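All values derive from a computational prediction rather than experimental measurement.
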Amino acid sequence: MKIVTLCLIQEDSKILLGLKKRGFGEGRWNGFGGKVEEGESIEEATIRETQEECGVHVADLIKVGIVDFLFQDGSKQMQVHFFRPGSYIGEPTETEEMKPQWFDVDEIPFSQMWPDDIYWFPLFLEGKKFKGRFLFDRPSGSDHTSVILEHALEEVSEL
């Protein structure tokens with residue numbers, strides 16, 4: 001299973017999301033993150049990926065979630081480690097991969113995000129920790145939006 005990261009920057013009632021411009025998840029709003037490279041920790045990957053995707057340096061990471069994402073066709077299996085930074089430096093800047101934008105937490109564009117986000121995002125916004133598993137039919141593409149076939153999500157006290 002591939003280990004990946006996701007970092008969500010929240011400032012008061014605003015959340016920073018990025019519109020994915022290429023690759024897996026293209027056309028969707030998401031947090032910042034990606035693959036853990038050989039020899040780096042999950043936290044180091046989170047810091048690097050966030051810097052690469054939106055130009056912001058995050059620090060004092062707090063792990064808030066671990067979710068397994070599986071696809072029925074077997075094409076992808078990912079374990080995503082979710083983080084909230086305790087602090088960050090820099091102004092969000094558009095890159096080749098992502099176009100960052102602040103959203104009010106009451107105006108999160110769930111219809112343009114992964115279908116699972118509507119389930120775990122409220123827990124994130126409430127400052128809770130969570131674990132879960134989502135099984136999709138197949139990855140989204142220009143002709144298909146992934147459909148959740150099964151899911152399990154629970155609030156936990158520790159990760």
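- In this structure, T46 contributes its side chain and T5 its backbone to no donor-acceptor pair below 3.5 Å.
- The line from CD of E53 to CG of N30 is 8.5 Å long, rounded to the nearest 0.5 Å.
- Taking the six-membered ring for Trp and thresholds of 30 and 60 degrees, H151 and Y119 have ring planes inclined between 30 and 60 degrees apart.
- Linking ILVMFWY residues whenever their side-chain heavy atoms come closer than 4.5 Å, directly or via other members, leaves V58 and L6 in distinct clusters.
- Contacts of H57 classified as ring-ring contact (aromatic ring centres under 6.0 Å, His included), with partners at least two apart in sequence or in another chain: none.
- F134 and F130 fall within the same hydrophobic cluster, where Ile, Leu, Val, Met, Phe, Trp and Tyr residues are linked whenever their side-chain heavy atoms come under 4.5 Å apart, directly or through other members.
- One hydrophobic cluster, built from ILVMFWY side chains closer than 4.5 Å, cannot hold both V56 and I62; they sit in different ones.
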Walk me through it: do Y88 and E11 pass the test side chain to side chain contact (heavy atoms under 4.5 Å, CB included)? CA-CA 10 Å; Y88 70 93; E11 191 172 283; 2.3 Å; yes

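- K63 and I42 get closest at one heavy-atom pair: NZ-CD1, 4.5 Å.
- Proximity of L70 to M1: side-chain heavy atoms (C-beta onward) are separated by under 4.5 Å at one or more points.
- Salt-bridge check for E49 with K35: failed, with every basic side-chain N at 4.0 Å or more from each acidic carboxylate O.
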Could you walk me through whether I15 and I9 pass the side chain to side chain contact (heavy atoms under 4.5 Å, CB included) check? CA-CA 6 Å; I15 189 91; I9 300 170; over 6 Å; no

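- Applying the ring-ring contact (aromatic ring centres under 6.0 Å, His included) rule to F83 yields no partners; only residues at least two apart in sequence or on another chain are considered.
- For the pair R133 and F69, the minimum side-chain heavy-atom distance is 4.5 Å or more.
- With rounding to the nearest 0.5 angstrom, the NZ atom of K14 is 9.5 Å from the CD atom of Q101.
- Rounded to the nearest 0.5 Å, atoms CD1 (I47) and CD (E52) are 12.0 Å apart.
- Side-chain rings of W29 and F103 approach one another, their centers coming within less than 6.0 Å.
- The CD atom of E155 lies 4.5 Å from the NZ atom of K128; values are rounded to the nearest 0.5 Å.
- Scanning all heavy atoms of the two residues, the minimum distance from S146 to W114 falls at OG-CZ3, 3.5 Å.
- Side-chain N or O atoms of D104 include one that pairs as donor or acceptor with a backbone N or O of D106 at under 3.5 Å.
- There is no side-chain donor-acceptor pair under 3.5 Å between D137 and Q72.
- Closest of all the heavy-atom pairs between L153 and L123 is CD2-CD1, 3.9 Å.
- Crowding of E37 atom CD: a count of heavy atoms from other residues, nucleotides or ligands under 6.0 Å exceeding 12.
- Across V36 and S41, no two heavy atoms sit closer than the pair CG1-O, 4.0 Å.
- Within 6.0 Å of NZ in K99 there are 12 or fewer heavy atoms belonging to other residues, nucleotides or ligands.
- Contact check for P115 versus F110: no side-chain heavy atoms found under the 4.5 Å cut-off.
- Counting heavy atoms from C-beta outward, F32 and P100 have side chains that approach closer than 4.5 Å.
- Hydrophobic clustering of Ile, Leu, Val, Met, Phe, Trp and Tyr side chains at less than 4.5 Å, counting indirect connections, keeps M113 apart from W102.
- Here the side chains of Q77 and D68 are not in contact, with every heavy-atom distance at 4.5 Å or above.
- Clustering of Ile, Leu, Val, Met, Phe, Trp and Tyr side chains at separations under 4.5 Å places V156 together with I66, L159.
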Candidate pair K21 and E26, rule side chain to side chain contact (heavy atoms under 4.5 Å, CB included), full reasoning: CA-CA 5 Å; K21 295 166 53 175; E26 181 177 352; 5.9 Å; no

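- In terms of heavy-atom proximity, M78 sits nearest to V4 at CB-CG2, 4.3 Å.
- Here the side chains of E43 and H81 are not in contact, with every heavy-atom distance at 4.5 Å or above.
- Once rounded to the nearest 0.5 Å, the distance linking CG of L17 with CD1 of I108 reads 6.5 Å.
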What's the verdict on salt bridge (Lys or Arg N to Asp or Glu O under 4.0 Å) for E44 and R48, showing C-alpha distance, side-chain angles and the deciding distance? CA-CA 6 Å; E44 289 167 339; R48 176 184 52 76; over 6 Å; no

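- Ring centroid separation for the pair W120 and F82 comes in under the 6.0 Å cut-off.
- For the pair L125 and Q10, the minimum side-chain heavy-atom distance is below 4.5 Å.
- Listed for the T93 side chain is a donor-acceptor partner under 3.5 Å among the backbone atoms of E91.
- Between G31 and L8 the shortest heavy-atom distance is CA-CD2, 3.6 Å.
- Cation-pi geometry between R84 and F124 is satisfied (NZ or CZ under 6.0 Å from the ring centre, within 45° of the ring normal).
- Atom SG in C7 sits 9.0 Å away from atom CG in L16 (nearest 0.5 Å).
- The shortest distance between side-chain heavy atoms of E97 and R22 falls below 4.5 Å.
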